[in-house]
*Asks:* 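Once you've had a glance at the structure underneath, I'll fire off some questions.
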Amino acid sequence: MNRNACKGSITVFLSLACILFLSLICAVTESARVQGAKAQSANITGMGTFSLLSEFEKGLLEKYEIFSLDGASAGSFQIQTVNSRFEEFVTQNANPKDGLLKSLAFDPWNLEVQKTEITGYALLTDNKGETFYQQAVSYMKANIGVIALEELLTLANSTDEIEEKQEAYETSQSSSDGQLSELEEEKQEKLEALESEALEAGEDTTASTETETNPLTEIAKLRSKSTLEIVTWDKTVSAKNVTLSSQPSKSTLRKGTLEIETEHSGLVSNVLFREYLVRYFPNFVSGEAGASLDYQLEYILGGKATDQKNLKYVVNRLLLIREGMNYAYCTQDAAMNSQAGTLAAALTGFLGIPALTTATKHAILLAWAYGESLVDVRILLDGGKVPLAKDNSSWSLTLDNLSNITEILQSGGSGKSDGLSYTDYLRILLNMGSLANQKMRALDLIQAAMRAEDGMGSFQVQNCIVAVAAKATYQCGQVFFGLPKVVMGISGTDLIFTQTASMAY
């Protein structure tokens, strides 16, 4: 067949068919591209939140292992400034060909950012420092060994016993004071009667009433003094102070608008958080200087305005712990009970008041426990160690030396190496204290430490963002839709859609 004789009608048909086929392919391709653009815009929005939170405060991370984005601008919280940074990151990722040779670059997504908005944020101080707590616990879980955690849990589990013995000591002390007070009148009547009889017989009235040195007299003198002065008589106590009313823990704080899921809770998490406090905040024995206060763990426990008052609070709490534990040992030790009974009989037996002798014995055991407790606290402040529960080998004070307690306290006790250290006892006190107070007081100290850094004088923990939720609106321009619009008569406009993303440290 002569090829030149063939008609061209079939070629025109194929041409028309090809145009329709290409139009269909373009329409399908455009649909797929739009779906890809939506996925890409979702990725871009997520990358925007990630990039935004990557601008965390480096100093806070280096000092305290805490991530946060400072949301302040010119000293005040500005969420608009944060949104501007988010918009900048999103725009840069949505238009990768900007700054390049645009004529040689091809962007299949053809996205343009129309609007961005930070729809929610969480702050480091939200829910009384709960977000701070969550980060601290997460860090500790990743950086503490199993054996160390078991030891910490053992200390935490001892608090019930300690509190029980404290209560028993306080009850016994109150009961003893009451009994001695009730018997005081009868005692005075007996003493006056004996004195009268001695005078009538021409005898020395002091011979029968002062047969033994009474250690209760020396202990009574010590109880009237400040415990802090007794146990730190040769030490220099920091005079640093803060204004409590300006601290985050005492202020009305800004609240975030985003709820953060609580991941960590319970005994283990609480113990880990308190260990975080021990590791990152100095105390009296560590000797480190702080930005606002030196005795920072003591401040977390006491919440007072001065180092001296915080140390006094802790010392009194330590004394009470030791009194409870020491008194429990005194009452169970037969030899100590026997010695106390003998001395009580020597001091009051001549009066013929059995109830007074019994009450005096009880008072001597309480005084003995108190004296031993003062020695214990003195040892702890000297950097020594004291067992939580004592035995005969770890007991320091004899009944004969109770009257010389002042001289013994002045000798100190840094050489003691068995038992728990001052820091260990602070761990116990933390476990016995209010977790909510500890979170916020730690944030007080963090704020002060950050403000001491160069250029950080206006830093506020209430401006620290730890999570954001954002949305971005995109315009998706057409790429493969020109041919379908002409050939297939399909009308089409640029698509507008919104993507959301959220991220937390």
Side-chain angles (χ1 to χ4, degrees), residues 52-73 75 77 122-126 128-144 148 152 238 240-244 246-251 253-254 256 260 264 269-303 307 310 423 426-427 430 435 437-467 504-505:
L52 179 64
L53 292 187
S54 70
E55 296 188 327
F56 54 82
E57 186 57 55
K58 185 179 179 181
L60 189 58
L61 178 65
E62 291 177 345
K63 279 183 171 293
Y64 297 103
E65 302 295 342
I66 297 298
F67 285 96
S68 79
L69 172 69
D70 193 349
S73 177
F77 188 75
L123 302 173
L124 195 60
T125 53
D126 282 352
K128 297 183 178 180
E130 180 63 24
T131 54
F132 163 59
Y133 169 90
Q134 294 294 320
Q135 278 205 56
V137 174
S138 293
Y139 171 76
M140 292 302 296
K141 282 189 174 181
N143 291 276
I144 194 168
L152 294 174
S238 168
K240 286 187 176 181
N241 64 86
V242 295
T243 303
L244 288 181
S246 65
Q247 302 304 311
S249 63
K250 300 294 184 180
S251 305
L253 303 177
R254 181 177 296 103
I260 297 297
H264 307 295
S269 294
N270 293 345
V271 167
L272 288 175
F273 175 74
R274 284 158 171 153
E275 183 60 20
Y276 169 87
L277 299 179
V278 170
R279 292 191 179 192
Y280 285 92
F281 298 93
N283 60 58
F284 175 81
V285 171
S286 68
E288 301 174 34
S292 55
L293 297 170
D294 287 345
Y295 311 152
Q296 297 193 353
L297 265 183
E298 287 83 352
Y299 170 77
I300 290 173
L301 286 164
D307 272 333
N310 286 313
T423 302
L426 292 187
R427 288 185 172 98
L430 285 169
L435 190 64
N437 287 340
Q438 292 164 14
K439 295 174 190 175
M440 291 308 301
R441 289 170 185 169
L443 289 173
D444 293 346
L445 298 170
I446 288 175
Q447 177 171 289
M450 294 301 295
R451 285 184 171 183
E453 298 292 318
D454 293 338
M456 298 292 289
S458 61
F459 177 87
Q460 295 185 63
V461 288
Q462 68 167 336
N463 293 334
C464 291
I465 297 173
V466 296
Y505 288 121

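Treat the numbers as computed from the prediction; the structure is a model and nothing was measured.
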*Asks:* Where do A442 and L277 come nearest, in terms of heavy atoms and distance?
*Replies:* CB-CD2, 3.7 Å
*Asks:* Can you run down the salt bridge (charged side-chain N to carboxylate O under 4.0 Å, His left out) pairs that involve residues 288-300, sequence neighbours left out, and say none if there aren't any?
*Replies:*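 Residue pairs passing salt bridge (charged side-chain N to carboxylate O under 4.0 Å, His left out), neighbours aside: K240-D294.
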*Asks:* Identify, with sequence neighbours excluded, every residue that meets ring-ring contact (aromatic ring centres under 6.0 Å, His included) alongside F459.
*Replies:*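 Result, ring-ring contact (aromatic ring centres under 6.0 Å, His included) vs F459: none returned.
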*Asks:* Only one of F67, F273, Y139 forms a ring pair (Phe, Tyr, Trp, His ring centres under 6.0 Å) with F132, so which one is it?
*Replies:*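 The passing option is F273.
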*Asks:* Can you tell me if R427 uses its side chain to pair, donor with acceptor, with the backbone of R274 under 3.5 Å?
*Replies:* no
*Asks:* Quick one: which residue pairs count as a side-chain hydrogen bond (donor to acceptor under 3.5 Å, both in side chains) with a foot in residues 57-72, not counting sequence neighbours?
*Replies:*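 Those involving residues 57-72 are K63-E453.
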*Asks:* Y505 side chain to L53 main-chain N or O, any donor-acceptor pair under 3.5 Å?
*Replies:*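 Here the side-chain-to-backbone pair exists.
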*Asks:* With sequence neighbours left out, what residues match S269 under side chain to side chain contact (heavy atoms under 4.5 Å, CB included)?
*Replies:*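 Once residues adjacent in sequence are excluded, the partners of S269 under the side chain to side chain contact (heavy atoms under 4.5 Å, CB included) criterion are Y133, V137, K141, H264.
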*Asks:* Taking only residues two or more places apart in sequence, or in another chain, which ones meet Q460 in a side chain to side chain donor-acceptor pair (under 3.5 Å)?
*Replies:* Q462
*Asks:* What's the shortest heavy-atom distance between I260 and A122, and which atoms?
*Replies:*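 Distance-wise, the nearest heavy atoms are CG1-CB, 3.5 Å.
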*Asks:* If every non-hydrogen atom of A449 is compared with every non-hydrogen atom of A291, which pair is closest and at what distance?
*Replies:* CA-CB, 3.7 Å
*Asks:* Any chance you could lay out the side chain to side chain contact (heavy atoms under 4.5 Å, CB included) test for L152 and M140, step after step, and finish with the verdict?
*Replies:* CA-CA 12 Å; L152 294 174; M140 292 302 296; over 6 Å; no
*Asks:* Going by the rule side chain to side chain contact (heavy atoms under 4.5 Å, CB included), which residues pair with S73 if we only count those two or more places apart in sequence or in a different chain?
*Replies:* Q78, T81
*Asks:* Would you say D307's side chain and Y295's backbone share a donor-acceptor pair under 3.5 angstrom?
*Replies:* yes
*Asks:* Are S249 and D444 linked by a side-chain donor-acceptor pair shorter than 3.5 Å?
*Replies:*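 Yes, a side-chain donor-acceptor pair sits under 3.5 Å.
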*Asks:* Minimum heavy-atom separation for Q447 to V461, with atom names?
*Replies:*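 Here Q447 and V461 meet closest at OE1-N, 3.1 Å.
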*Asks:* Find the distance between CD1 (I465) and CG (L124) and round it off to the nearest 0.5 Å.
*Replies:*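 If we round to the nearest 0.5 Å, I465:CD1 and L124:CG are 11.0 Å apart.
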*Asks:* Which heavy atom in L445 sits nearest to a heavy atom in S292, and how many Å separate them?
*Replies:*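 Closest approach of L445 to S292: CD2-OG, 3.8 Å.
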*Asks:* Where is the tightest heavy-atom contact between N463 and A72, given as atom of each residue plus distance?
*Replies:*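 In this case the closest contact between N463 and A72 is ND2-CB, 3.6 Å.
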